[in-house]
Amino acid sequence: MTPNKEERLGNIIDGKFLAEKKREEISQQAGAFLKKYGRQPGLAVVLVGQDPASAIYVRNKKRACEQTGIASFDYHLDETVSQQEILSLIDDLNARAEVDGILVQLPLPSHLVEEEILVRIDPGKDVDGFHPYNLGRLLMGEPTLVPCTPTGIMYMLDEYGVDIDGKDAIIIGRSNIVGKPMAILLMMRHATITICHSHTKDLPERVRSADIVVAATGRPHMVKGDWIKDGAVVIDVGISRTDAGLVGDVEFEEAKKHARLITPVPGGVGPMTITMLLDNTLLAARTHVS
Ligand code: NDP
């Protein structure tokens with residue numbers, strides 16, 4: 001059901017509301033899974049070191065699991081952990097039947113080789129969707145575990161009834177976890193996509209012509225409000241900690257005057273990302289029992 005946005009928040013996409021709605025669905029499905037298979041879907045979260053932001057993310061993920069009936073298994077490793085020790089832990093988690101999803105919280109300390117660790121995760125348990133196998137399947141349009149932020153954004157667009165087919169979509173940022181999968185998902189739904197990055201020329205002009213703008217750079221307020229075409233849909237993925245608090249990539253107040261729909265920071269994309277992690281865990285669990 002599309003939220004009645006006029007009655008709620010004007011043209012602001014309410015990520016918290018949508019996340020709650022989706023979590024209720026997940027909770028019901030996790031309950032049905034438990035009843036049928038005698039166990040909860042399970043998510044293992046591996047945290048290395050003491051990075052405060054990572055610790056908050058992990059705590060939020062644990063809380064979200066508890067809320068929705070997903071078992072969480074936490075591994076908090078000392079920051080001096082060796083590459084071999086963490087690879088052994090991944091092997092162990094890959095083999096455990098009660099673990100459906102494995103998430104390694106990034107960033108990792110610099111002595112660890114992130115790529116080798118992420119590739120060690122069984123692709124069937126790769127609930128972040130970062131494994132090359134899953135990214136390859138996504139590129140080929142095959143069903144797979146897809147990175148959580150882009151799938152959360154697609155969910156938001158659908159819930160607000162945004163027409164994607166034939167629209168011009170611009171994605172600012174080309175990371176493997178946000179920009180590239182976002183572009184593929186929008187292309188699969190027949191948008192005409194433009195991917196921009198730090199070498200792109202004429203960014204303002206490109207944004208001005210877009211029907212859908214996804215900003216994922218981590219550069220506070222780099223997308224100016226007056227770049228937004230009247231009636232465009234603006235999705236702000238960026239999160240930057242500034243003296244003024246958490247801010248996104250988009251100059252929100254000015255952009256809001258032009259956009260038909262826009263996500264706030266915080267309270268937009270962020271809550272959906274964790275929710276889609278739970279959804280991926282449920283999806284993986286179903287695959288493991290089938
Ligand atoms: P990365 O740092 O991996 O990628 C940033 C991208 O932005 C790069 O492709 C870079 O270009 C591009 N970029 C940087 N500066 C500019 C510029 N001036 N003009 C155009 N493009 C530019 O970041 P992530 O994709 O991992 O994350 C992006 C943001 O989203 C961060 O703020 C992160 O915290 C946030 N995030 C939020 C999530 C949520 O749930 N809300 C989830 C994941 C991320 P180039 O490739 O040329 O360097």
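Indexing begins at 1, ligand by ligand and atom by atom, following the structure's order. Everything quoted here is computed from the prediction, not taken from an experiment. Quick note: residue numbers are just sequence positions, from 1.
- Put simply, no part of Ser240 is less than 4.0 Å from ligand 1, judged by heavy atoms.
- No side-chain heavy atom of Thr273 sits under 4.5 Å from any side-chain heavy atom of Val237.
- When hydrogens are left out, the protein atom nearest atom 24 (P) of ligand 1 is Ser175 OG, 3.7 Å; that is the closest non-hydrogen contact.
- At the top of the distance list for atom 39 (C) of ligand 1, counting protein heavy atoms only, stands Thr273 OG1, 3.7 Å.
- Checking atom 2 (O) of ligand 1 against the protein gives no heavy-atom contact under 4.0 Å.
- Which of Met276, Arg219, Lys180 comes nearest to atom 15 (N) of ligand 1 through a heavy atom is settled by distance: it is Arg219.
- Residue Thr217 touches ligand 1 through backbone and side chain together, judged by heavy-atom distances below 4.0 Å.
- The residue Thr200 has no part lying near ligand 1, judged by heavy-atom distances below 4.0 Å.
- The shortest N or O to N or O distance between Asp249 and ligand 1 is not under 3.5 Å.
- Scanning the protein for heavy atoms near atom 20 (C) of ligand 1, the closest one is His197 O, 3.1 Å.
- Scanning all heavy atoms of the two residues, the minimum distance from Ala255 to Ile228 falls at CB-CG1, 3.8 Å.
- Using a cutoff of 4.0 Å between basic side-chain nitrogens and carboxylate oxygens, Arg189 and Asp158 are scored as salt-bridged.
- Taking the side chain as every heavy atom from C-beta outward, Ser72 and Val45 never approach each other to under 4.5 Å.
- Here the protein heavy atom with the shortest distance to atom 47 (O) of ligand 1 is Ser198 OG, 2.5 Å.
- Side-chain contact between His221 and Glu254 is absent, with no heavy atoms from C-beta onward closer than 4.5 Å.
- Residue Tyr133 qualifies as open at atom OH: its count of foreign heavy atoms under 6.0 Å is 12 or below.
- With respect to atom 18 (N) of ligand 1, the closest heavy atom belonging to the protein is Met222 CE, 3.4 Å.
- Distance CD1/Ile102 to CG/Asp92: 9.0 Å, rounded to 0.5 Å.
- Residue contacts with ligand 1 do not include Gly179, since none of its heavy atoms lies under 4.0 Å from the ligand.
- Considering only non-hydrogen protein atoms, atom 37 (C) of ligand 1 sits nearest to Val237 O, 3.2 Å.
- Counting heavy atoms from C-beta outward, Ile184 and Leu139 have side chains that approach closer than 4.5 Å.
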(message) Before you tell me yes or no, could you show the steps for Thr144 and Asn134 under side chain to side chain donor-acceptor pair (under 3.5 Å), namely the whole-Å CA-CA distance, both residues' side-chain angles and the distance that decides it to 0.1 Å?
(response) CA-CA 6 Å; Thr144 195; Asn134 286 320; 2.7 Å; yes
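- Classification of Lys61 and Asp74 as a salt-bridged pair fails, no side-chain N sitting under 4.0 Å from a carboxylate O.
- Proximity of Ile177 to ligand 1 is established by a heavy-atom distance of less than 4.0 Å.
- Looking at Ile239 next to ligand 1, an N or O pair under 3.5 Å apart turns up.
- Polar contact with ligand 1: present for Arg174 (N/O pair, distance under 3.5 Å).
- Other residues, nucleotides and ligands contribute only 12 or fewer heavy atoms inside 6.0 Å of the NZ atom of Lys16.
- Closest to atom 29 (C) of ligand 1, if we only count protein heavy atoms, is Gly218 N, 3.6 Å.
- Nearest to atom 42 (C) of ligand 1 among the protein's heavy atoms is Thr149 OG1, 3.2 Å.
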